[in-house]
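Heavy-atom basis, side chains included; hydrogens, waters and symmetry copies ignored. Predicted, not measured: the structure shown is a model, and the values here were computed from it.
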Amino acid sequence: MPGPREDCLFCKLVREAEAVRRADGFVAIADINPQAPVHLLVLPERHVDTFRDVAEFPPDEAQRMLAFVAETAAESGLTDYRVIVNVGPGGGQTVFHLHWHILGGRPMGETL
């Protein structure tokens, strides 16, 4: 499985950004353009282009990633929240390093 890439913005953020939480090969950071009072990004520490690549993960890694997302939301004080992963350009993905958005702290409604 690939490691960090020098040309990837999110690989750089994994190394240098102040983490809200870091454990088990994953990191959570605050989004620089928050769309809710709590807006975190969860990223694998190793480079993974997109959610499509999760099918290649060992089953325990995919399970640990989902657990990390849920635990990060809980540790951030969220009980009701939205989790988003954008896949491909047509799905809104602009940075090709797998990441999950955790949004909460206000009623989310049907749109952001």
Side-chain angles (χ1 to χ4, degrees):
M1 301 266 175
R5 287 184 14 194
E6 291 301 315
D7 64 337
C8 174
L9 170 64
F10 279 10
C11 285
K12 182 178 180 174
L13 288 174
V14 164
R15 291 188 306 270
E16 298 176 8
E18 184 176 332
V20 172
R21 183 167 184 257
R22 185 182 298 268
D24 208 16
F26 304 98
V27 63
I29 62 174
D31 192 290
I32 63 168
N33 184 25
Q35 302 299 304
V38 176
H39 187 166
L40 304 174
L41 298 178
V42 172
L43 309 99
E45 289 181 341
R46 68 182 178 91
H47 184 85
V48 178
D49 281 337
T50 185
F51 181 71
R52 285 187 207 100
D53 298 328
V54 172
E56 300 171 16
F57 278 24
D60 69 305
E61 185 174 2
Q63 185 176 24
R64 287 184 292 111
M65 180 174 53
L66 291 174
F68 184 87
V69 170
E71 292 161 2
T72 299
E75 288 182 16
S76 298
L78 300 175
T79 54
D80 297 325
Y81 54 94
R82 178 176 286 168
V83 177
I84 300 171
V85 61
N86 300 318
V87 183
Q93 187 175 7
T94 58
V95 178
F96 285 83
H97 182 121
L98 172 62
H99 58 286
W100 302 77
H101 295 261
I102 300 173
L103 298 109
R106 67 168 169 83
M108 299 309 294
E110 292 186 24
T111 62
L112 296 175

Is it true that a side-chain atom of His99 and a backbone atom of Asn86 form a donor plus acceptor pair closer than 3.5 Å?
no

Do the non-hydrogen side-chain atoms of [X] and [Y] ever get within less than 4.5 Å of each other?
X: Arg46; Y: Glu61; value: yes
X: Asp53; Y: Thr50; value: yes
X: Phe57; Y: Val48; value: yes
X: Phe51; Y: Gln93; value: no

Here's a test for you: under side chain to side chain contact (heavy atoms under 4.5 Å, CB included), which of Asp31, Thr72, Ile84 qualifies with Ile102?
Thr72

Closest non-hydrogen atom pair between [X] and [Y], with its separation:
X: Asn33; Y: Gln35; result: O-NE2, 3.0 Å
X: Ser76; Y: Leu40; result: OG-CD1, 3.3 Å
X: His97; Y: Cys8; result: ND1-SG, 3.4 Å
X: Gly105; Y: Leu78; result: N-CD2, 3.6 Å
X: Arg22; Y: Ala17; result: NH2-O, 4.1 Å
X: Gly109; Y: Arg82; result: O-NH2, 2.6 Å

Sequence neighbours excluded, the answer for ring pair (Phe, Tyr, Trp, His ring centres under 6.0 Å) partners of His39 is His101

Go through the structure and list residues passing ring pair (Phe, Tyr, Trp, His ring centres under 6.0 Å) with Tyr81, not counting sequence neighbours.
none

Surrounding [atom1] of [X] (heavy atoms of other residues, nucleotides or ligands, distance under 6.0 Å), is the total greater than 12?
X: Glu75; atom1: CD; answer: yes
X: Phe96; atom1: CZ; answer: yes
X: Asp60; atom1: CG; answer: yes
X: Glu16; atom1: CD; answer: yes

Please write out which residues are connected to Ile29 in a hydrophobic cluster, directly or through intermediates, given that two of Ile, Leu, Val, Met, Phe, Trp, Tyr count as joined at side-chain heavy-atom separations below 4.5 angstrom.
Leu9, Phe10, Leu13, Val14, Val27, Leu41, Leu43, Val95

Honestly, is Arg21 close enough over Phe68, meaning NZ or CZ under 6.0 Å from the six-membered ring centre and within 45° of the axis?
yes

